[in-house]
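The next block holds one structure in the form of structure tokens; read it before the comments.
One-based numbering, in listed order, for ligands and for the atoms of each. For clarity, every value in this text was computed on a predicted model and none was experimentally measured.
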Amino acid sequence: MSRLVVVSNRVGLPSSRGGRAGGLEVALTEALQAKGGLWFGWSGQVAEATSTAPKLTTLNDITYATVDLGHSDHRPYYEGYANGALWPIFHYRLDLLRYVREEFDGYLRVNARLAAMLAPLLQPDDVIWVHDYHLIPLASELRRLGVGNRIGFFLHTPLPSPDVLVALPGHAALTEALAAYDLVGFQTRRDLHAFQSYIREEAGGEVTDDGHILAFSRVFRAGAFPIGIDTPTMETLSTEAAESEEARRLRDSLAGRSLIIGVDRLDYSKGLPHRLAAFEHLLATRPEHRGNVTLLQIAPPSRSALAQYKALRRELEQAAGRINGRFAEFDWTPIRYVGRTHRRELLAGFNRTARVGLVTPLRDGMNLVAKEYVASQNPDDPGVLVLSRFAGAAQELTGALRVNPLNMEETADALHRALIMPLAERRARWEVMMEGLRRNTVGAWVDGFLSLLRRPSDQAEQEPLPPPRPPRAAA
Ligand code: ADQ
């Protein structure tokens with residue numbers, strides 16, 4: 001089997017990480033170790049100037065090749081186009097889209113620099129797997145340098161429908177860049193359909209019944225690969241963590257009240273203001289829950305250099321303070337708003353303690369927090385997941401109470417239903433979800449994507465490409 005090369009925006013060396021690694025990191029590490037692999041990407045350091053060559057560190061059969069980014073590259077690439085334009089548009093937030101041509105140029109330039117530093121490290125039969133929206137043009141830059149290896153791409157975010165995507169300046173160049181990959185993976189069938197519609201409607205391409213895309217004078221594959229979690233480890237972890245000192249302290253502090261838990265990165269895609277509003281509505285309209293339920297919202301800041309993220313943090317702190325001021329009693333605070341990160345093992349114990357997992361993104365590629373909540377439950381007394389229909393996970397987690405997070409009354413009703421749900425129904429809903437989570441683990445996801453990426457595209461060899469139709473739109 002050929003060597004695997006993983007490329008991701010951030011590469012964390014195992015030694016620099018506190019606590020236990022996430023499921024995705026563990027699964028990719030195992031895949032890399034199978035044949036002595038290479039993991040390439042940004043070190044997370046912003047330096048005076050961008051590195052001219054990667055720093056190589058080899059640990060447990062994996063070579064980590066990390067690159068520092070200079071200020072003048074990092075700002076337009078990361079804070080600029082990737083998180084100021086791509087992230088909002090991929091989450092349907094046209095109102096937050098900020099496009100500056102110089103930032104788009106910076107995004108392309110950083111991808112070209114990364115490709116130039118990666119190319120010399122590649123061996124002829126390496127299989128390369130590129131992750132996420134920061135790195136869409138990487139394969140086309142590698143191809144320009146003569147790299148003919150098989151290259152796959154996985155988008156962790158949603159892909160919006162063509163109506164929304166065409167509002168993104170640069171969309172034509174980006175989708176054409178995707179055609180340089182051999183396999184493009186999306187989280188859900190909905191994202192895949194959005195891509196296929198774009199190919200047909202905007203790029204003048206074709207989609208074959210077996211998932212091949214014929215566009216931009218290339219034949220490549222595109223598919224849906226819903227990412228999973230390390231379900232068995234999460235089950236063990238949560239069983240152990242439920243006995244931890246911290247989980248015991250949490251239970252003691254609840255004094256018999258039901259716990260609703262929310263765990264997110266502080267991001268506008270996660271629907272946090274809507275979530276607090278729904279909880280407030282529950283307390284306002286169903287007084288029986290006052291004094292009997294606590295919402296623990298854990299939301300450590302992310303991307304805090306960006307103004308939108310700073311404003312969101314202020315908004316949430318104010319909303320939590322206002323709701324607490326409105327309903328709190330001398331011995332009960334409705335919302336515990338916590339802005340610090342917590343180790344995975346602690347979160348697993350907290351999840352198991354919570355009667356309700358409240359996961360209400362306005363859009364989310366998958367949302368692993370929802371899956372982790374389900375896998376952390378006690379099989380004899382499982383909690384209930386209240387889940388946004390706009391999370392990719394909603395397509396698999398059919399035992400959840402599904403809500404539209406923009407509908408405050410509906411979310412509050414679902415919370416009420418979850419809080420009073422009888423054990424038999426909780427068990428039945430949980431078992432349906434666990435069955436899927438045990439089947440589609442993150443390890444199965446890695447294997448599924450890589451086996452298709454490694455398989456040569458017979459169609460590409462057998463069928464000549466039709467002459468390209470003229471694209472309908474140019475960006
Ligand atoms: P994220 O937007 O970061 O990821 P999510 O899938 O919810 O979202 O979480 C990823 C991991 O981070 C999970 O393992 C979770 O436990 C952890 N995490 C989240 N909030 C945390 C917190 N407050 N403290 C500690 N850990 C926390 C992107 C996409 C998602 C997609 C993932 C994976 O936006 O849609 O599910 O990639 O593809």
Side-chain angles (χ1 to χ4, degrees), residues 6 8-10 12 17-28 82-83 86-88 90-93 129-134 153-160 185-188 190-191 224-231 233-234 237-238 241 246 261-272 275 296-304 309 313 316 336-351 354 357-376 385 387-388 390-397 437 440-442 445-446 449:
V6 169
S8 59
N9 171 56
R10 277 289 284 274
R17 189 200 320 122
R20 199 186 275 249
L24 173 59
E25 201 174 338
V26 171
L28 288 175
N83 285 317
L86 288 178
W87 180 267
F90 283 3
H91 291 85
Y92 289 75
R93 292 298 300 267
W129 189 2
V130 179
H131 288 259
D132 232 358
Y133 61 101
H134 317 81
F153 177 79
F154 185 77
L155 184 67
H156 289 259
T157 68
L159 187 79
F186 299 97
Q187 295 272 25
T188 65
R190 189 167 33 200
D191 304 310
F225 300 85
I227 190 169
I229 57 167
D230 183 352
T231 312
T233 301
M234 191 52 71
L237 201 63
S238 64
E246 290 86 352
I261 193 166
V263 179
D264 307 79
R265 262 185 324 102
L266 188 62
D267 192 291
Y268 51 78
S269 65
K270 305 291 181 186
L272 292 162
R275 188 180 307 173
L296 171 61
Q297 177 60 56
I298 300 179
S302 68
R303 302 174 195 164
S304 29
Y309 287 75
R313 183 176 178 177
L316 287 169
R336 300 183 190 175
Y337 180 83
V338 181
R340 278 197 321 271
T341 48
H342 288 66
R343 283 176 294 118
R344 303 177 56 72
E345 35 280 62
L346 276 192
L347 289 179
F350 293 175
N351 274 336
L358 184 54
V359 185
T360 54
L362 304 177
R363 288 283 162 183
D364 221 326
M366 179 53 61
N367 196 300
L368 295 181
V369 169
K371 293 188 169 182
E372 289 163 356
Y373 174 77
V374 173
S376 303
L385 177 65
L387 178 60
S388 161
F390 302 124
Q395 298 189 25
E396 291 164 84
L397 297 177
L437 292 181
N440 183 30
T441 61
V442 67
W445 173 80
V446 168
F449 186 92

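- Residue contacts with ligand 1: Lys270 is placed with a nitrogen or oxygen under 3.5 Å of a nitrogen or oxygen of the ligand (distance criterion only).
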(request) Please assess Tyr133 against Asn83 for the test side chain to side chain contact (heavy atoms under 4.5 Å, CB included), listing each intermediate value before the final yes or no. (result) CA-CA 9 Å; Tyr133 61 101; Asn83 285 317; 2.6 Å; yes

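- Between atom CG of residue Leu237 and atom CZ of residue Arg343 there is a gap of 10.0 Å, rounded to the nearest 0.5 Å.
- Between the side chain of Asp264 and the backbone N or O of Ala299, no donor-acceptor pair lies under 3.5 Å.
- When distances from atom 12 (O) of ligand 1 to the protein are checked, no heavy atom turns up under 4.0 Å.
- Closest approach of Leu437 and Leu397 over heavy atoms only: CD2-CD2, 4.1 Å.
- Heavy-atom contacts of His342 reach the following atoms of ligand 1: 25 (C) (cutoff under 4.0 Å).
- Between Phe154 and Phe449, the two ring planes are perpendicular [angle over 60°; tilted spans 30° to 60°].
- Of all atoms in ligand 1, listed by their number and element, those nearer than 4.0 Å to a heavy atom of Arg344 are 14 (O).
- Distance check, rounded to the nearest 0.5 Å: CZ of Phe90 to CG of Leu155 gives 5.5 Å.
- The protein non-hydrogen atom at the shortest distance from atom 36 (O) of ligand 1 is Asn367 N, 2.9 Å.
- In terms of N/O distances under 3.5 Å, ligand 1 is not approached by Ala299.
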Starting from the C-alpha separation in whole Å, work towards a yes-or-no answer on side chain to side chain contact (heavy atoms under 4.5 Å, CB included) for Met234 and Asn351.
CA-CA 11 Å; Met234 191 52 71; Asn351 274 336; 5.9 Å; no

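- Per-atom contact check: atom 4 (O) of ligand 1 does not touch the protein, criterion being a heavy-atom distance below 4.0 Å.
- The Val369 neighbourhood of ligand 1 comprises atoms 7 (O), 15 (C), 19 (C), with distances under 4.0 Å to a heavy atom of that residue.
- For Gly365, a nitrogen or oxygen atom sits less than 3.5 Å from a nitrogen or oxygen atom of ligand 1, counting backbone and side chain alike.
- Set against the non-hydrogen atoms of Ile298, the atoms of ligand 1 under 4.0 Å away are 23 (N).
- Only the side chain of Leu347 comes within contact range of ligand 1, with a heavy atom under 4.0 Å; no backbone atom does.
- Below 4.0 Å from some heavy atom of Gln187 lie the following atoms of ligand 1, by number and element: 31 (C), 38 (O).
- Considering backbone and side-chain atoms together, Thr341 places no N or O closer than 3.5 Å to any N or O of ligand 1.
- Counting protein heavy atoms under 4.0 angstrom from atom 29 (C) of ligand 1 gives one or more.
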* To do: Could you walk me through whether Leu266 and Leu272 pass the side chain to side chain contact (heavy atoms under 4.5 Å, CB included) test, one step at a time?
  => CA-CA 8 Å; Leu266 188 62; Leu272 292 162; 3.8 Å; yes

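- At least one protein heavy atom sits closer than 4.0 Å to atom 25 (C) of ligand 1.
- If you look at Phe154 next to ligand 1, there are no close heavy atoms at all, none under 4.0 Å.
- Every atom of ligand 1 with a heavy atom of Arg265 under 4.0 Å away is listed here by number and element: 1 (P), 2 (O), 3 (O), 20 (N).
- Atom CZ of Arg265 sits about 13.0 Å away from atom OG1 of Thr341, to the nearest 0.5 Å.
- Looking only at heavy atoms of the protein, atom 21 (C) of ligand 1 is closest to Val263 CG1, 3.6 Å.
- For the residue pair Pro158 and Gly365, the shortest heavy atom distance occurs at CD-N, 3.4 Å.
- Atom 34 (O) of ligand 1 has as its closest protein heavy atom Asp364 OD1, 3.4 Å.
- Contacts with ligand 1 closer than 4.0 Å are made by heavy atoms of both the backbone and the side chain of Leu368.
- Of the listed residues (Lys371, His156, Arg363, Gln297), the one carrying the non-hydrogen atom nearest atom 37 (O) of ligand 1 is His156.
- Close approach of ligand 1 to Trp87 (heavy-atom distance below 4.0 Å) involves ligand atoms 34 (O).
- Not a single donor-acceptor pair under 3.5 Å links the side chain of Asn367 to the backbone N or O of Ala393.
- Counting heavy atoms closer than 4.0 Å to ligand 1, residue Glu372 contributes side-chain atoms (C-beta onward) but none from N, CA, C or O.
- To the nearest 0.5 Å, the span separating OG1 on Thr157 from CZ on Phe186 amounts to 9.0 Å.
- Those atoms of ligand 1 that come under 4.0 Å of a heavy atom in Ile227, given as number and element, are 38 (O).
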From CA spacing to verdict: side chain to side chain contact (heavy atoms under 4.5 Å, CB included), Leu358, Arg275: CA-CA 8 Å; Leu358 184 54; Arg275 188 180 307 173; 3.4 Å; yes

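- Residue Tyr373 is tested with Leu385, Leu387, Leu368 for a side chain to side chain contact (heavy atoms under 4.5 Å, CB included); the sole match is Leu385.
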